[in-house]
Amino acid sequence: EAIQRYRELSSDGLSEVERAMFVDLVARFQGELSMEAYQKGLELERTARFADASEAYEKALKTGPDSAHAPAVKLHLGATLRRLGKAEQAKLMIEQALSQNQDRDIHREAMWQLVRCHEDLGDLDSARSNLRSILRKWPRSATAPDARKRLGELNLKAMRARKGGN
């Protein structure tokens, strides 16, 4: 309520210092509310309550769209949307997370989730391309063995599809 009423109050006879303090207070409050919703989403996702987690993540983004944790929220929202069978929406959200963040761990996980979205959408070429990117960027990461294995599986699947189509 305070955040909603902020716009009404911000123009009411406040000095510049008071206005600056108020703006800072509202920004901090929004960040805290956003982080709280994000943490709730993480807990719901851990317990496989993906629809509820997705709602919590959306609330976190609505409350703090420019927060430092927004790319991580988008990554988790994308993952839950994919689990809910909404691969196209998930792909868009994960792509946003990738474009807004350079954190190695988030970037690597987002790339992995993007691979899974491409698979769900039947775009094996894009999935394979993203797996190659993962292996090129993070050849010694914990994800690399799984990426190698999955790339091999998708290569076989693509080969079989070509043989079956000929």
Side-chain angles (χ1 to χ4, degrees), residues 27-166:
R28 268 190 285 162
F29 190 53
Q30 284 177 313
E32 289 172 11
L33 288 174
S34 177
M35 181 57 83
E36 186 178 299
Y38 172 50
Q39 290 173 340
K40 180 180 179 185
L42 288 173
E43 186 58 37
L44 291 165
E45 186 178 1
R46 274 188 217 104
T47 58
R49 294 176 55 197
F50 301 116
D52 294 334
S54 139
E55 288 176 18
Y57 292 140
E58 286 172 357
K59 181 179 178 184
L61 287 174
K62 182 179 177 187
T63 308
D66 299 322
S67 64
H69 58 274
V73 175
K74 289 179 181 182
L75 167 61
H76 285 277
L77 176 56
T80 57
L81 288 170
R82 192 187 70 74
R83 293 275 191 123
L84 292 169
K86 300 176 181 179
E88 189 62 45
Q89 288 175 284
K91 180 180 153 244
L92 295 174
M93 191 58 59
I94 292 166
E95 287 171 343
Q96 286 180 26
L98 279 168
S99 70
Q100 292 179 343
N101 193 290
Q102 294 304 315
D103 179 280
R104 286 178 56 146
D105 293 332
I106 290 176
H107 205 82
R108 187 175 56 238
E109 180 61 26
M111 289 290 288
W112 185 256
Q113 288 295 328
L114 196 55
V115 165
R116 299 185 75 182
C117 287
H118 286 301
E119 285 185 69
D120 291 349
L121 294 168
D123 186 356
L124 297 185
D125 290 336
S126 293
R128 290 167 50 210
S129 175
N130 285 327
L131 283 166
R132 285 187 204 102
S133 292
I134 289 170
L135 291 170
R136 194 172 39 256
K137 290 178 183 179
W138 304 285
R140 292 178 189 86
S141 72
T143 328
D146 291 336
R148 279 187 202 90
K149 180 182 176 190
R150 192 67 193 135
L151 181 58
E153 292 168 353
L154 292 180
N155 284 337
L156 282 173
K157 195 173 187 179
M159 232 171 45
R160 288 183 186 133
R162 275 191 227 122
K163 283 183 181 179
N166 289 333

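One is the number of the first residue; the rest follow in order along the sequence. In this text the structure is predicted, and so the values were computed from the model without any measurement.
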Practice task
For a side chain to side chain contact (heavy atoms under 4.5 Å, CB included) with T143, tell me which candidate from R148, R150, R108 qualifies.
Solution key: R108
Problem - Nearest-0.5 Å distance, NE2 of residue H107 to CG of residue L75 - result: 11.0 Å
Handout entry: Full working for side-chain contact (heavy atoms from CB on, under 4.5 Å) between H118 and N130
Key = CA-CA 9 Å; H118 286 301; N130 285 327; 3.1 Å; yes
Handout entry: I94 vs K74 side-chain heavy atoms within contact, under 4.5 Å
Key = no
Problem - Short side-chain to backbone donor-acceptor contact, S67 and G64, under 3.5 Å - result: yes
Completion exercise
Only residue of K62, H69, Q39 satisfying side-chain hydrogen bond (donor to acceptor under 3.5 Å, both in side chains) with S34 is H69
Problem - Under the side chain to side chain contact (heavy atoms under 4.5 Å, CB included) test, residues paired with A147 that sit two or more places apart - result: W112, L131, I134, L135
Practice task
Please examine the side chains of T63 and K59, heavy atoms only from C-beta on, and report whether any two atoms are closer than 4.5 Å.
Solution key: yes
Problem - Distance-only polar pair, side chains of R83 and T80, donor-acceptor under 3.5 Å - result: no
Problem - Residue pairs involving residues 45-55 (criterion side chain to side chain donor-acceptor pair (under 3.5 Å); sequence neighbours excluded) - result: E43-R46, E45-Y57, E45-H76, R49-D52
Handout entry: Over 12 foreign heavy atoms within 6.0 Å of CZ, R132
Key = yes
Exercise for the section: Spell out, as yes or no, whether a donor-acceptor pair under 3.5 Å connects the side chain of S141 to the backbone of W138. Expected result: yes
Problem - Salt-bridge criterion met for K149 and D146 (N-O under 4.0 Å) - result: no
Completion exercise
Rounded to the nearest 0.5 Å, the CG atom of L151 sits from the OG atom of S129 at a distance of 10.0 Å
Completion exercise
So CD of Q100 and CG of D66: to nearest 0.5 Å the spacing works out to 8.0 Å
Fill in the blank from the handout: Heavy-atom closest pair (A127 atom, L154 atom, distance to 0.1 Å) is CB-CD1, 3.8 Å
Exercise for the section: Please report the shortest heavy-atom distance between A53 and G41, naming the atom on each side. Expected result: CB-O, 3.5 Å
Practice task
Kindly state each residue pair satisfying side chain to side chain donor-acceptor pair (under 3.5 Å) with at least one member in residues 84-93, sequence neighbours excluded.
Solution key: none
Practice task
First locate atom CG of L81, then atom CD of Q113, and finally report the distance between them rounded to the nearest 0.5 Å.
Solution key: 11.0 Å
Handout entry: Enclosure of E95 CD (heavy-atom neighbours >12, cutoff 6.0 Å)
Key = yes
Completion exercise
In short, A90 meets C117 closest at the heavy-atom pair CB-SG, 3.7 Å
Fill in the blank from the handout: Heavy-atom nearest pair, Q96 first then S99, reads O-OG, 3.0 Å
Fill in the blank from the handout: Heavy atoms of P139 and A144 approach each other most closely as O-CB, 3.3 Å
